[in-house]
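We use all heavy atoms of the structure for the numbers below, so side chains are in, but hydrogens, waters and symmetry mates are not.
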Amino acid sequence: MTTIISAPSSLDDHTFEQIFDQLAPLPPDEKVVIDCRRTRWASPYGLTALLTVAQTRLERPTLAIPDLEDTASYWNRASFFKHAEGLYDISGRPQRARSGSESSVLLEVTPISQTQDIHTVVTNIQTRSQAILQEKLHLESKVTMRFTMALSEVCQNVIEHAGTGGWVAVQAYKWQQRLGRWVVVIAVCDAGMGFRKSLESSQGPRPTDRWDDGMALEETVMRGVTRFRDPGRGQGLAGVKKFIGQWDGKLSIRSGTARIAVVPAWDEDVPLKKDLAFFPGAQVQLTIPERMAGE
Amino acid sequence: MISHIDVSSVLKRSVCDLYSNLVTRPTGAAVRIGIEHHLDEIGDKSLAVLDFSHVGLLDFSCADEIVAKLLMQYVSVDIPRREVYFVFYGMSESHMDAIESVLERHNLALITQLADGAPKLMGDIDGEQRRAWEKICEMGSALPADFAIATGVPKETAERILETLWRRRLIIRQESGYSPVRGATAGRNPGGLLADDGSASGGSGVEVS
């Protein structure tokens, strides 16, 4: 039996829940078709999460690509199809990459499975994206360094905690309706063990009825707990949170059935959401807004 | 003996000659081991200038692996591997961000040399220790009795404070007294950095590249 999973027209960290909702009840060996034909736009989160979805399926899934040429072209420019072809049967013909005006791929969809990949990611961002970060986001060079540090740390989480590879993508675009300014978005998604299992691997489940994915996220993200005994651990995420706070950015992490967020004043998200549809691993998003004159 | 260690060169030699960024824990561990090997080859009492001038990015994880774990082996432990003093040279603002964070996490402190050649104390350090360190820098070298007179504290207090700073390898202890771990005058190659006291600074800089 094959199940059709309908992707929404706009694919971001919030709307992707529709895909997780449809996938959660299905056995992992059931054939699925991810139908993106109606999809007109995808954030880095949308693209990287689509790849992790395929990694959770035992039966090779099919991906129906967007009908809209511009959308398919953009996905191609972001190197999405290059990786999707290894994970999905592709239905439809990917468009050739064309340049877009209102979005900039700062880092194409890139696999992360070993330390070397992080060096590549950091070098690519430094050599190709400094100008965009400084001109469109008005980030000073010292801030772009901190941005890259944050990128490095969230990528390392995949290698250290997921137990499997993951994906990263970085994009800058103008958030006209929500914020009226440019944002740069980092998404790092994996389908590994997730935060709760990572903590349990060293300390076992907490002896409390409250122990769940939400509590595991709270302990890790808000209190800096890690599975390692080394007291130096946990500084990466702490550093990311500090950077996000200083730059009025947003950090959200979904793992298992919960999602935690450090929410800035310009956003209306909730700090913690539980009882979501289960999806393995961790899906992280950092959003850094353009700094306006006088800020 | 004074040793100038170009951290970027250690990175290229230990991990990959194409890398210029200190990112990830495995990279940091490899670089730290490279530095430790070098320190093992120099004398039992030495001043190591860790030069970050050619390092691009330093992330928190790498700072923890290199700076914190290196200091923890030589500083504030009952039996350090050997008597090594460190000066961190050529650090950018973002390097300092990452390093400051790991120093606070581990209650460590270090001395960095700024572009103008002035030494700066950074990390977890209380007001009393900071004032004492500044006073020793000002005095150049002092026995506890001289320090006590200069600061108006009892000699026992002076001895305790200076001993603490020495255990943290923030000042050098010699027969002639305590002197600051610091960079030499501005404009000199950091490989030629000298401790204030001659007996600790007689060797020429050892370039690791």
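Looking at every heavy atom in both residues, B:T24 comes nearest to A:H119 through OG1-NE2, 4.2 Å.
With B:F60 as the partner, the side chain to side chain contact (heavy atoms under 4.5 Å, CB included) test is satisfied by one option alone out of A:Q156, A:K242, A:M149: A:M149.
Neither the backbone nor the side chain of B:L18 comes within less than 4.5 Å of any heavy atom in chain A.
Within the 4.5 Å cutoff, the side chain of A:Q116 has heavy atoms near those of the B:Y19 side chain. Using a 4.5 Å heavy-atom cutoff, the side chains of A:Q126 and B:N21 are in contact.
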Hey, mind stepping through B:L58 and A:M145 against side chain to side chain contact (heavy atoms under 4.5 Å, CB included) and telling me if it holds?
CA-CA 9 Å; B:L58 172 67; A:M145 292 294 268; over 6 Å; no
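For the atom pair CD1 (A:I125) and CG (B:L57), the distance works out to 11.0 Å, reported to the nearest 0.5 Å.
Contacts with chain A were tallied for B:A63, B:S92, B:S20, B:S94; B:S94 has the most, counting heavy-atom pairs under 4.5 Å.
Remark: B:R25 does not engage A:E153 in a salt bridge, criterion side-chain N to carboxylate O under 4.0 Å.
Within 6.0 Å of NZ in B:K69 there are more than 12 heavy atoms belonging to other residues, nucleotides or ligands.
In terms of modelled atom types and a separation under 3.5 Å, the side chain of A:Q235 and the main chain of B:D64 share no donor-acceptor contact.
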